[in-house]
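Numbered from 1 within each chain, the chains take letters A, B, ... in sequence-line order. Note: hydrogens, waters and symmetry copies are ignored here, and every other heavy atom, side chains too, is used.
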Amino acid sequence: MSYDPQDLEARWRERWAASGRYEADPDGRDPEESTFVTVPYPYPSGGMHIGHARTYTVPDVYARYRRQQGDNVLFPIAWHVTGTPIVGAVERLKKGDEGQIDSLQNAFGVPEADLKNLETPMGFARYFIEEAECSYKSGMQQLGLSIDWRREFTTTDERYQRFITWQYETLKDRGLLEKGLHPVKFCTEQETPVTTHDLLEGEDVEYQEYTLVKFASSSFEAGGASGGGGDTDTIFPMATLRPETVRGVTNAYVDPDGQYVIATVDDERWIVSVEAAEKLEYQAHEVSIETELTGEGIVGETVENPITGEDVLILPADFVDTDSGSGVVMSVPAHSPDDYLALQEAKADTGRLEAYGIDPAQVEAIEPVPILSIEGYGEIPAKDAVESAGIDASSDPELKTVTQELYTSEFHRGELDDAYGEYGGEVVEDVREDLKDHYQSQGAFGAMYDFPEPVISRAGGKVVVAYQDTWFLRYNDEAWQAKASRAVANLDAIPENTREQYDHTVDWLEEWPCIRNYGLGTALPWDQDFIIEPLSDSTIYMSYYTIAHRLQEIPVEELTPEFFDSLLLGAEGNETALELREEWDYWYPIDYRCSANDLISNHLTFFLYHHAELFEEPKWPQGITVMGMGLLEGEKMSSSKGHVELPNDAIAEYGADTVRFFLLNSSEPWQDFDWRAEEVGSTRNQLERFWNRAEEVIDGPAGERDLEQVDRWLLARLQETVADVTAAMENFETRTASQTAFYRFEEHLKWYRRRADLERPGARWTLRTVLETRLRLLAPFIPFMANELHERLTGEPAEDVPWPDPVPEFQNDAVIAEEGLVTDLVADVRDIVDVTDTDPEIIRVYVAAGWKNDVFDTVVESAVDQGGNGGGPNQGAVMGQVMQNEALREKGNAVNALVGDLVSFARERDGDTLETLAAVDEQAVYDDASAFLEREFDATVQVLAEDDDPEDPADKARHAQPFRPAIHLE
RNA sequence: GCGCGGGUAGCCAAGUGGCCAACGGCGCAGCGCUUAGGACGCUGUCUCAUAGGAGUCCGCAGGUUCGAAUCCUGUCCCGCGCACCA
C-alpha cells in the first residue's frame, strides 16, 4: 500500500473522535502522574495560519509524549473573544473597508456568500472558531491535536463571566485593584479610548510626558496693554523633554500666526495654544477660556524664568507647532542645535523683528548660556556640533542627526553646572527625573502628555492623551511583586535564558489599567459600563479548564462568589463546588504552559502574578515554554498582505504528519521557524520513504534473533537514540528529539544497509525491533503514520504502548567503537583510491604489532591517571615508563614517534572511550569486516598482522599504528 | 536607550574548549536505476595534492591556552519586546 496520508489520517481522526481517546478525567492514577499542559486560547479575529499550527502542536507533542510515559494527560482548549479586535474587524467589514474584505477573502479564503455571517461579533468569532474552512477547530482537528474537546468554552460564556467576576471581586477585596486617573490614547472624534488596532496613522508613536516650565509675567494683558493685570501672574508654560536645560533658556518662541488662548487652568492664568488648552482639559485640568488671541499678541513679551528669575524675550518663529506641547517653546541655544540656528537666523532677520516691534539690538545681545559640560564638545556644544558638521541653516537635513547625537551624548555624559546646586556635577541621565520632580513639587514645573507626531484614529479623529478614570491592577504592590518573583524562581523556564526576562518584567511592571469601556468581555462587577480587558481576564483561566465541562451541569445562578471561593480557594460552604475542587486539585498545578516569547512581558508574567496571589505555592505553574514566531519563505506572515499559509491547505497538499513534522523538526520551539514549500516537500518525501521502508519490514519475514556484529551495532545505536530522544523530550527540544529519532537514525540505517546482509533472519529481526522502537519515539510527532505502522507491525497503536527505555543488554560501547574502526578503514581506503585514482585488485590491511599496543596501553594508563584534568597524558611520563622495557628501548626513535602520535590521539578522546578501545581486538574486527570490504571495493582483502612478517611489497606494514592499520593497495 | 537573542560554507542551519574542514537539509554536479520521471540509491560540493596529506576557514580586531567556531576583551551589524494591545 503506498503512502496516502489523506486516507490514513482521516481514518485515525475518526477513530480518535469516536473513542474519545483524549478525553481525560481523574482516574486511578496518582495526581503526581498527571500532566496538565496548556497553550493560550486562540483569538479568532481571523483564520488560523501555519504559525498558529505550530503553537498548538508543540504542547500536543509533549502531551502525547507524557501519555506514552504513562501519565494521565489533560490538554484542553478554549476561545478568547474578549476585547476589541473582533468588534473592530466587524465594524470595518460592515463599513465595507476594502483592506478588511481583502484580508478575509485573500488570506483566509472566505467565500463572498459567507461575509454576511460575519457582521456580528459573535458571528465573526464563531465563523473562525469552527465554521470556516480555515477555522481554528478544523485546523486543530486536522492536525490531530490530542485535545479534550468536552472542555471548550468562549470567554463570553455566562459561566466564564461568573468566574472572572469572582476573580476581580476577590482581587478588589484584597486591595490589589485600585481606582485612579491614568493617561490613555483617546479619540477626540468618538470620545473614546483607542488602542493600536484602532489607529490609522501613528501606530508606532508613543506618547511622552512633557515638562511644562512655568515662565511668568506679572504684567501681561491681552492686546498689548500692560499694567492692568494687577497682581495676578500670567503663566507661559513651555513644553520640553529636557527639563534640566531650564537654566540655559535665553528666549522663547511662539507662532505669530497661531491661535492662542488666555485661560484659567486650575487656579492659574495660562497662555497656551488652542490645541494645548483642549489637551489640558482632557488631562484632568480645569480649563476655562477667557480670551483668544494670535501669537502675534504675545510676541515681544518678556517672561520670567521660574528657576533663575531672569527675564527672557518671546520671539516670533514659524517652526513652532501650536499642536505640539503647549505651543510655546523655550530656546536653549547652547545645547540645542535647532535653537542655536534659529537664534542666529532671528538675529539676521532684523526686518522681521522690527515688524513685530522688537528692537533688533535686544536680540543681538542674546548669547547662548551653557549649563552643562561634556567631553568632546566645546563650551557651547550646540555651536560646536553645528559647526563641525558644516551646517549653517535650519533647513539642512543633516541637522536632525546632529541634534540626536548631541542629545544622546548630553543625556548620558553631560555633567550639570554647579548652579544646579545638589544636582551640580551629576550626569543628566542620573538626575533628570529627580530634578523634574523637585521643581514640580515647588510649583515651578507642570506636566502634560503629548505625541511627538500626529496620531489619527480609524474613525478619522485626532488622537490625544486623555486621563481616564480607570481601575488598575497593582502589579507594583511590593508583597504581590515578591510572590511573583518567587513564582519565577520556582519556574522551569524553557529556554532557561527567559528567566531573566520574567524577573525584569516583574521589576518593571507598574499599575496595569485592567478595564476598557468597549469591546467584548466580562463587565466590571461593580460598574457595568466597563469590561475587564483581555490580558486581565486570561490570567487564571487554566483552572477553569479543569471543571469547564462539569460546570455545564450547574445552573448559572448557582455560580456565586461563594461557589468559586469553595471551588478555587477551598472555603467551606458549597458542597458541589468542593466536590468539583477535587478535579481541580487533581490536575493543578499546570505542568507546562506553552506560549509565545513576546508574551513574557505581559500575559505570561500576569499569569504568574495571579496564580501567585490566588493559589497556594504548590499550585503555582511548574513550567513555561516559550515559542518563536513563524516566517513564510523567509518573510513575516501578514494576513493583510495575503502572505499566509493556511494549515488546511498545507495538510491537503502534504498531509498532517508532514506539516507537524516540519513544524517541529525545522527548529526548536523557542526559535523562529521558516515555512519553505521546497523544504516541506522534501520532508514529505522523507516521510514517504520511511513509510515504504517500514512496509517492506512489516510485510517481510519476521526473522529470528540470531545476531551478528552489525546487528549488535545497530541495536546499540538504537539504545543511544532512545536515551537521547527521551532527554530531549523532557526539555521540549522537539527538533533535537525528532532529528535524532528520524534523520540521525536514518544515517545509521544507511550504513547498516551497506554493511549487512539484509536477507539474514538476524537482520530481519533487527530491522523489526528497530522499526518498532522508532515508531514509538516518533509517535508524538507523526501520530497518524506511527500509530498505523505500529499497529500493523504489532497489533497495537504506538500511542497505546509505553515509551521505550534503553535496553541494557543492547547497550554496547565496544561494538560502537569497533564499527567505528571499520568506517575509518573504509574512509582511508577510499581516500587513497581517490587520490591515486586507481582501482585496486588487492587491499592489504596491516594491523599494528603487539609492542605498539603495549605502548598504547601505557598511554591510556597515563591518560586515565590524569583524570582528564587538562593536558591529557604526559608524553614524558609515558616515554619514561616505556623506555624501561629493554626491547622497546632498542627501537628508540620509532618508539618516540609512536608515543607522540598516540598521546595526541588520546588527548582527543575521553578516558572511557580509550579504555573501550584498548580492549578491542583489531585484527578480529577487520577479519569480520573483510567480506564487506571486498564487496565495497570489489577487491581481494587480506588482513595481516605486522608481527607475522607478512607479505609486504611496498614496505607499508611498519607504518601501522593501533587503530590505524597500514594499508597497501595493489 | 533598557532587556533578551543572534551573526557558521551558494541558501537554511547544527555545533559552545580537543573525535571540527565543521551534523543535517536545500541547491548544484557526477554515477547507478529507469518508459531520462520535480521518485529512489550512491558519490562529490573551501583550495592544493598520483598513498590515507597540507593550507586556509566559523561578522571584525586583539587576548588566554599545548590546543578556540567554542573562553575573555573591544568593535561593527541584525532580530524581538518595551505596556494598557492580542
Side-chain angles (χ1 to χ4, degrees), chain A residues 40 42-43 45 80 82-86 182-185 193-198 203 206 408 411-412 429 468 470 472-473 475 495 497-501 503-505 507-516 533-536 538 596-603 605 626 628-629 631 634 636 665-668 670-674 676 678-679 681-683 685-686 688-689 692-693 735-736 739 742-744 746-747 750 753-754 820 824-825 827-838 840 870-872 875 903-910 913 954 956 959 964-969:
Chain A
Y43 194 86
S45 59
H80 198 201
T82 304
T84 60
I86 290 175
H182 210 87
V184 298
K185 294 178 186 174
V194 288
T195 72
T196 313
H197 293 277
D198 305 318
E203 278 185 64
E206 280 311 323
T408 307
F411 182 63
H412 295 294
E429 180 173 12
Q468 289 282 293
T470 291
F472 46 84
L473 285 158
Y475 289 138
N497 62 28
T498 55
R499 186 183 307 282
E500 213 170 313
Q501 292 190 62
D503 281 329
H504 185 254
T505 305
D507 286 346
W508 158 86
L509 276 173
E510 293 180 13
E511 310 94 351
W512 180 269
C514 59
I515 59 167
R516 306 199 48 89
E533 65 86 32
L535 286 168
S536 300
S538 55
N597 55 193
D598 56 344
L599 294 179
I600 292 176
S601 62
N602 47 55
H603 166 257
T605 304
V626 300
M629 47 170 241
L631 301 175
K636 245 184 174 165
N665 181 68
S666 63
S667 60
E668 300 293 4
W670 46 89
Q671 299 171 321
D672 293 349
F673 74 95
D674 188 1
R676 288 176 186 262
E678 207 167 66
E679 310 227 356
S682 124
T683 301
N685 289 340
Q686 299 272 11
E688 180 159 7
R689 184 177 56 177
N692 292 336
R693 291 244 166 85
R735 177 188 156 86
T736 303
Q739 194 91 13
F742 195 82
Y743 292 108
R744 252 172 71 189
E746 283 298 318
E747 295 292 309
K750 221 186 224 181
R753 278 191 287 269
R754 233 168 110 183
D824 288 349
L825 179 57
D828 280 347
V829 172
R830 189 170 302 285
D831 270 354
I832 301 169
V833 168
D834 285 350
V835 169
T836 57
D837 198 20
T838 53
Q875 170 134 13
V903 162
S904 59
F905 177 89
R907 269 190 178 158
E908 293 165 1
R909 287 161 178 79
D910 63 49
T913 308
K956 292 286 183 189
H959 296 295
R964 191 147 199 272
I967 297 164
H968 177 239
L969 305 186

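The separation between A:Asp598 atom CG and B:G3 atom C1' is 14 Å, rounded to whole Å. Taking atom CG of residue A:Asp507 and atom P of nucleotide B:A83, one finds them 17 Å apart after rounding to whole Å. B:A51 atom P lies 10 Å from atom CD1 of A:Ile832, rounded to whole Å. If you take CH2 of A:Trp670 and P of B:G6, they are 12 Å apart, rounded to a whole angstrom. For A:Glu668 and B:C12, the CD to P distance is 19 Å, given to the nearest whole Å. A straight line from CG of A:Leu535 to C1' of B:G81 spans 14 Å, rounded to a whole angstrom. Rounded to whole Å, atom P of B:C12 lies 12 Å from atom CG of A:Leu631. We find that CZ of A:Arg676 is positioned 20 Å from P of B:G24, with the value rounded to whole Å.
Using a 4.0 Å heavy-atom distance criterion, A:Pro42 is classed as making no nucleic acid contact. Among the protein residues, A:Ala966 comes within range of the nucleic acid bases, having at least one heavy atom under 4.0 Å from a base atom. Within 4.0 Å of A:Asn685, counting heavy atoms only, lie sugar-phosphate atoms of the nucleic acid but no base atom. If you check every strand for non-hydrogen atoms under 4.0 Å, A:Arg744 touches nothing. Using a 4.0 Å heavy-atom criterion, one finds that A:Arg693 contacts the sugar-phosphate atoms exclusively. Counting any heavy atom pair closer than 4.0 Å across all strands shown, A:Gln739 reaches sugar-phosphate atoms only and no base atom.
The shortest distance between the side-chain N/O atoms of A:Arg964 and the OP1/OP2 oxygens of B:G53 is below 4.0 Å. For A:Lys636, a side-chain nitrogen or oxygen approaches OP1 or OP2 of B:C80 to under 4.0 Å.
Here the side chains of A:Glu510 and A:Phe472 are not in contact, with every heavy-atom distance at 4.5 Å or above. A:Val184 is not listed as a side-chain neighbour of A:Pro513, based on a closest heavy-atom distance of 4.5 Å or more. Residues A:Arg964 and A:Asp828 are in side-chain contact: their nearest non-hydrogen atoms beyond the backbone lie under 4.5 Å apart. Using a 4.5 Å cut-off on side-chain heavy atoms (C-beta onward), A:Ser666 and A:Asp674 make no contact. In this structure, the side chains of A:Tyr743 and A:Asn665 come closer than 4.5 Å at one or more pairs of heavy atoms. Using a 4.5 Å heavy-atom cutoff, the side chains of A:Pro40 and A:His80 are not in contact. A heavy-atom distance below 4.5 Å is not found between the side chains of A:Thr498 and A:Trp670. Residues A:Glu668 and A:Thr736 meet the side-chain proximity criterion, which asks for heavy atoms closer than 4.5 Å.
Nucleotides B:U70 and B:U16 are separated by 4 Å at their C1' atoms, to the nearest Å. Taking atom C1' on both nucleotides, B:G81 is separated from B:A86 by 14 Å, rounded to a whole Å. Rounded to a whole angstrom, the distance from the P atom of B:G44 to that of B:A22 is 12 Å. Look at the P atom in both B:C58 and B:U8: the space between them is 11 Å, to the nearest Å. Across B:A14 and B:G24, the matching C1' atoms stand 7 Å from one another, rounded to whole Å. Look at the C1' atom in both B:G6 and B:G67: the space between them is 27 Å, to the nearest Å. Distance noted for atom P between B:A69 and B:C60: 12 Å (whole Å). B:G53 sits 15 Å from B:U45 when the P atoms are compared, rounded to a whole Å.
When each of B:A83, B:G81, B:C4 is scored by its nearest atom to the side-chain atoms of A:Glu500, the top-ranked nucleotide is B:C4. Each of B:A83, B:A86, B:A51 was ranked by its minimum atom distance to the side chain of A:Asn602; first place goes to B:A86. With distances taken from any side-chain atom of A:Leu509 to the nucleotides B:C12, B:A83, B:G81, the minimum falls on B:A83. When distances run from any side-chain atom of A:Gln501 to the nucleotides B:A83, B:A86, B:G3, the shortest one goes to B:G3. The side chain of A:Asn497 sits closest to B:G5 out of B:A86, B:G52, B:G5. When the nucleotides B:A14, B:A86, B:A51 are ranked by their closest atom to the side chain of A:His968, B:A51 comes out on top. Residue A:Arg735 places its side chain closer to B:A13 than to any other of B:A13, B:A51, B:A86.
Along RNA chain B, the nucleotide nearest A:Arg754 and the nucleotide nearest A:Val829 are compared for position; the residue whose nucleotide lies closer to the 5' end is A:Arg754. In this structure, A:Cys514 and A:Leu969 both approach RNA chain B, and ranking their closest nucleotides by distance from the 5' end singles out A:Leu969.
No donor-acceptor distance shorter than 3.5 angstrom exists from the side chain of A:Gln739 to the backbone of A:Arg744, with no hydrogens or angles considered. With A:Tyr43 contributing its side chain and A:Thr82 its backbone, the two residues share a donor-acceptor pair below 3.5 Å.
The shortest heavy-atom contact between A:Glu533 and A:Leu535 is OE1-N, 3.1 Å.
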Heavy-atom contacts, protein to nucleotides 25-31 of chain B, under 4.0 Å, summarised as B (base), S (sugar-phosphate only) or - (none) per nt, yield BSS----

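Side-chain contact annotation: A:Ser601 with A:Gln501, donor-acceptor N/O pair under 3.5 Å absent.
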Once Watson-Crick and G-U wobble pairs under 3.5 Å are found, how is RNA chain B written in dot-bracket notation, 5' to 3', with | for any base paired to another strand? ((((((((.[[[..)..(.....]]]((((((.......))))))(((....)))...[[[[[..)....]]]]])))))))....

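A donor-acceptor contact under 3.5 angstrom links the side-chain atoms of A:Asp828 to the base of B:G52.
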